[in-house]
Amino acid sequence: MRPTEQLQADGNARLEDLDLTEAAESNETRWDRYRRHYDEFVRAPFLILWNDWRSRVGMLILLLYLLMGTVGVLLIEVPYTNQAERWILPFQNMQYPLGTTDTGQDLLGLIVHSTPAMLIMIGAGSVFSTVIATIVGTAAGYKGGTLDRTLMIAADTMIAIPGLALIIVIAAVIEPRNPAVVGIILSSHVWAGLARSLRSQVLTLRDDSYVEASRIMGISTPAILAKEIIPNLMPYILINFVNSARNVIFSSVGLYFLGVLPYTNLNWGVTLNSAYNSAALYRLDLVYYIIAPLVAIVLISFGLILLSQGFDRIFNPQIRAKHAESASEAAVDEGDDSSSRNVTVGQ
Amino acid sequence: MIQNYYARRLGMSVFTVFAVITFSFFLIRYMPGGPMDYMIANLQQQGLSTARARELAATYTQVNPDQPVHIAYVEYLGEILTGSLGTSMWYDKPVADILIAALPWTLFVMSVSLILSFTMGILTGAVMAYRESTRLDSGGTLVSTFLTSIPYYLVAIVLLMAFAYQLGWFPTGGRFQSNLSVGWNAEFLLSVLRHGALPIMSITLTAFGGWALGMRGNSISVLGKDYLRVARLAGIPERDIVVKYVTPNAILPLYTNLMIAIGGIFGGSIILEQIFNYPGLGYYIYESINARDYPLMMGGFILITVAVVTTIFVADVTYSYIDPRAETGDSRETY
């Protein structure tokens, strides 16, 4: 306010005009910039993804889980012991469409109410590992020398430590309860592999002419990394983001199933564990109790894989060239030369 | 040069083990409410005096809480390097004895499934790449994708339920039939295979799809390379092209993933062996967590790391025969 007050002393009307035009101008440019960013980073990638059946199915599956975790929990009652008769078979009673468990809990409720914590875990874990990996990988690859060696020794050490055993030891000692913390612990070792592969991508990028140009112009290293290097790696980073999300699901369900993580939230792994310890293991007619959490786990993981394959197809220049007509022209501006191969490996 | 490379890899492996030992030392001793505190509190509750409880905790964990840090640390390192991992509180036996007996079983199941899934995956992937865009390829891709999206322990549960509990074709647990004499006789080996079959199958089934997809993608991109066009024009038989050029070049990029998979697959033994009630390394780690038997847990963690590090080292050394360029690296300092 102070500059305006000062200027008001000179001439009110003229300055108000000036103020207005300035505001309008900056508003307009900002608005334009937002629109451009929206087109570039949201609309175009979305349309491209939507064009490929894999990523379309993947996105729909993830949307289903998002709805389940947000709206579903409001519509469906929190399950509790003896809320209904025990062992109601699925599709018999519309109040409990997936049937009830050995303790008379609504199976659908158990599945739905596990989703929010799961989504938080997945989000926290994959953001954490992707961010660390991106920083370590790009810095090591770009700077080279001692920094590179040190970071890569750290990464190689991390790769050689059996991740799940490490997590189990940490989890057993600190007993995490907050889903976000659980997610971060579960992906605390995942960054190493990704950092290594990002580094080798950066090695091929760092001597490109446009990067060299920025360097000669005296642009600082972090700025070059953020503006020139990382955008080129984005497809690769995205794919790995999705894969580390899958990793969080795999290990969290596994550890909840084992009972290594404290049972604070509902989780598909917990449901699976109680199913495994009930009569459902021996009786074919009760097998739905095991199948329901199993489907919940496999479906979200399948959705994530489809999405990452969709990413891969769009950003991979070799595949893209083949399917040039199916991908829209916007895809051409993205992902330049960074050949991103989606190597999803089982473990 | 190559000796140099081996030496560096060996140094890395030793460093990894050292890092794990250091980590476990600090976890035991300094974690607030961690193993040391928990153990001492527990022993005190059993009616022991504070001094006696600390003394006992020290013999269990090999870490003496009354010593200054650096001395306790050096002693702990020394103990572990001589193969002494402390005493299990639950089994009341030396941790090393329990784990050494369990280790071969885990190695057996994990390495067989790793080799099986890798070979099967590579073969399937190569075939799919050659038949690209045919029905075989799209079907194969879909199946591989689907299999990859299933965690191995879910397959384990389903297999166990179907083939062991419902159909009774396979045993529901154990490493071999207990009434057989242990040794190199056919009956015993057959029993070992029967008991190991389901665990091996659950890892192989879920892991091979990932390898197949990776191999398919790599092969397709190698198949598009110019030098293959030249090779074909030069009249090199297709068989030679596949065996000499396409396959090796497509396998090489899978290497990093193989390294990561080794760690994952051994870590996975903790869940897998629990489901199949298969007393290997992972089984004891799990039991130790349940019983709050920290010496056994730490010992298991250290030993499983050594197993993984060794496997990776072996894989690495054999790999550098396949690809002489392995990890020459480009780490010159530039910018």
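Naming: A, B, ... by sequence-line order, numbering from 1 per chain. Heavy atoms only: backbone and side chains are in, while hydrogens, waters and symmetry mates are out.
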Looking at [X] and [Y], what are the two nearest heavy atoms and their distance?
{"X": "A:S301", "Y": "B:S149", "result": "OG-O, 2.6 Å"}
{"X": "A:F250", "Y": "B:I150", "result": "CZ-C, 3.8 Å"}
{"X": "A:I153", "Y": "B:M12", "result": "CG1-SD, 3.9 Å"}
{"X": "B:I271", "Y": "A:G254", "result": "CD1-CA, 3.7 Å"}

Contact part of [X] toward chain A, heavy-atom cut-off under 4.5 Å: side chain, backbone, both or neither?
{"X": "B:T311", "value": "neither"}
{"X": "B:I262", "value": "neither"}
{"X": "B:V158", "value": "side chain"}
{"X": "B:I304", "value": "both"}
{"X": "B:F23", "value": "side chain"}

A:Y276 and B:L160: CA distance, side-chain angles, deciding distance, side chain to side chain contact (heavy atoms under 4.5 Å, CB included) verdict: CA-CA 11 Å; A:Y276 184 76; B:L160 191 69; 3.2 Å; yes
With B:I289, the side chain to side chain contact (heavy atoms under 4.5 Å, CB included) member among A:V169, A:L258, A:I168: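 Exactly one option meets the side chain to side chain contact (heavy atoms under 4.5 Å, CB included) with B:I289, and it is A:I168.
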Region of A:V253 in contact with chain B, defined by heavy-atom distances below 4.5 Å: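 Interface part for A:V253: both.
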Any side-chain heavy-atom pair of [X] and [Y] under 4.5 Å:
{"X": "B:F301", "Y": "A:I170", "answer": "no"}
{"X": "A:P162", "Y": "B:T305", "answer": "yes"}
{"X": "A:V260", "Y": "B:I270", "answer": "no"}
{"X": "B:F146", "Y": "A:V298", "answer": "yes"}

Interatomic distance, A:L294 atom CG to B:M161 atom CE [nearest 0.5 angstrom]: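 Reported to 0.5 Å precision, the distance equals 8.0 Å.
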Reported CD-to-OG1 distance for the pair A:Q309 and B:T148, which is rounded to 0.5 angstrom: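 Reported value, rounded in 0.5 Å steps: 8.0 Å.
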Max heavy-atom pair count under 4.5 Å with chain A, selected residue of B:V306, B:V309, B:L154: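 Greatest number of close heavy-atom pairs with chain A: B:L154.
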Aromatic plane relationship, B:Y153 with A:F257 - under 30° parallel, 30 to 60° tilted, over 60° perpendicular: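 It falls in the parallel class, under 30°.
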Top contributor to chain B interface from A:I161, A:I297, A:I290, A:L166 [non-hydrogen pairs under 4.5 Å]: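 Highest number of pairs under 4.5 Å: A:L166.
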